[in-house]
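Atoms within a ligand are numbered from 1 in the order they appear, just like the ligands themselves.
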Amino acid sequence: MICDNITTAENGHLLFAGQDTVDLAKQYGTPLYLMDEDRVREKCRVYTAAFRKHFGDKARPLYASKALSCKRIYEIMREENMGIDVVSSGEIYTALQAGYDLSRAYFHSNNKTDEDIRYGLDHGIGCFVADNVEEIKVIEAEAGARNIKQPVLLRLTPGIDPHTYEAIATGKVDSKFGSAIETGQAEEITAFTLKQPHVDLAGFHCHVGSQVFAEDVFERAAVIMLEFVAEMKKKYGYMARQLDLGGGYGVRYVDSDPFLDVDTKVGEVAAAIQETCARLGIEMPEIHMEPGRSIVADAGMTLYTAGTVKRIPGYKNYVSVDGGMPDHPRFALYGSPYTCLLANKMNEAADFECSVVGRCCESGDIIQEHVKLPRSVGRGDIVAVCTTGAYHYSMASNYNRLPRPPIVMLRGGKESYAAVRRESLEDLCRNDL
Ligand SMILES: *Cc1c(COP(=O)(O)O)cnc(C)c1O
């Protein structure tokens with residue numbers, strides 16, 4: 001199986017986190033998001049332990065909460081002592097509702113509104129990750145009005161060649177994010193920020209991309225960033241206290257995706273950092289990374305009920321489910337691969353090739369193509385889509401006025417509880433005047 005929290009019972013039912021998915025579908029209805037709470041906590045602990053081991057006590061992983069944002073997940077992050085990234089007032093509000101201490105939160109985004117910046121400051125945001133000079137100006141003015149000195153990281157683009165690393169798109173020079181080192185804009189914004197009396201430049205940030213498996217992406221980014229740190233030290237006498245290398249470790253969506261061992265990967269990055277700091281004669285800054293997907297993705301699974309099965313002889317077969325692109329947007333957005341299973345018929349041979357599609361009025365409303373399910377698939381069967389913990393609920397919409405599914409958390413091999421309730425038809429009209 002693609003993840004060890006997915007198994008099969010003797011009766012042919014798919015088990016997730018040790019629990020019968022067919023029973024869960026019956027109890028909570030479909031479409032249904034399941035989250036393996038134990039898995040989320042385990043991932044947090046793996047990252048926290050790896051950081052302590054390889055980077056020392058002050059370094060910490062920050063959960064990039066855009067991957068899955070709801071009150072329960074912020075409670076878990078609070079309990080697991082994780083820092084967090086937020087990207088909007090909405091995420092801040094949700095974290096506050098969960099009792100999360102915002103002094104451990106980093107506020108990202110390439111376009112924070114003035115309201116966002118005020119909202120962050122009013123609620124004691126730990127650090128802004130400023131994308132550009134305009135933001136620094138607003139932060140300076142608002143922090144000045146409050147008579148505080150606000151910690152800020154600057155988001156830079158290390159300019160890693162995207163042709164070498166296909167998965168990477170955000171660390172390029174021409175990205176909409178951050179200031180490029182190569183063009184001199186990174187230095188400009190650094191010099192500008194150092195002159196602001198109410199902005200405390202804590203260090204630098206970069207984020208090279210997502211779903212990264214390539215060998216040395218983080219190492220290369222770290223080297224480029226540290227060289228910049230050393231240059232700023234030489235030119236301006238400014239030594240960065242923090243260096244944040246972003247998120248992006250890949251997860252297994254399908255069998256052909258590799259396993260990635262976080263401790264090993266973090267160890268390799270740490271080795272490159274130590275070597276580079278020694279070469280440049282600078283001390284190692286406090287290192288942060290911001291995993292999102294790799295914390296929650298394989299802790300998630302979506303369950304649907306199959307409806308119409310359409311066989312078009314000589315062409316293709318379709319299995320329609322009771323959800324679709326509103327709750328599963330990543331195939332429509334990027335053609336992302338996923339593993340689909342027939343949860344109530346795991347002991348039948350899966351040799352019926354089909355497209356699993358949603359119920360929306362949109363031909364691009366596809367869960368996955370070239371799926372192999374048992375030939376007997378039909379109305380009422382339960383279709384499971386694996387590895388849906390990241391960028392599913394958080395990207396879900398109400399397209400076609402479909403209520404968003406609930407999130408049901410699983411723990412301890414037998415306990416389940418709703419963390420987000422299913423939207424009702426009334427919810428859909430809540431804001432209609
Ligand atoms: C999206 C994002 C992350 C998390 O990326 P994952 O691929 O989910 O790990 C981290 N940092 C920044 C700045 C991001 O935009």
Phe55 and Phe51 aromatic ring geometry - parallel, tilted or perpendicular at 30°/60° bounds: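 Judged by the thresholds at 30° and 60°, the geometry between Phe51 and Phe55 is perpendicular.
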Pairs involving residues 322-334, ordered by first then second residue, that meet side chain to side chain donor-acceptor pair (under 3.5 Å) (sequence neighbours left out):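 Those involving residues 322-334 are Thr30-Asp322, Tyr304-Asp327, Arg330-Ser336, Arg330-Tyr338.
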Shell of residues surrounding ligand 1, defined by a 4.0 angstrom heavy-atom cut-off that is strict: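 Ligand 1 pocket, heavy atoms under 4.0 Å: Ala64, Lys66, Asp85, His108, Arg155, His205, His207, Ser210, Gly247, Gly248, Glu290, Pro291, Gly292, Arg293, Tyr391.
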Salt bridge present between Arg41 and Asp38 (N-O < 4.0 angstrom):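 Between Asp38 and Arg41 there is no salt bridge, as every charged N stays at least 4.0 Å from the carboxylate O atoms.
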Tyr249 ring center near Phe218 ring center (under 6.0 Å):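 Distance test on ring centres: under 6.0 Å, yes.
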Stepwise side-chain contact (heavy atoms from CB on, under 4.5 Å) test for Ile125 and Val86: CA-CA 10 Å; Ile125 191 89; Val86 292; 4.1 Å; yes
Lys/Arg cation over aromatic Tyr391: Arg293, 6.0 Å, 45° cone: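 Judged by the rule (NZ or CZ under 6.0 Å from the ring centre, within 45° of its axis), Arg293 is not positioned above Tyr391.
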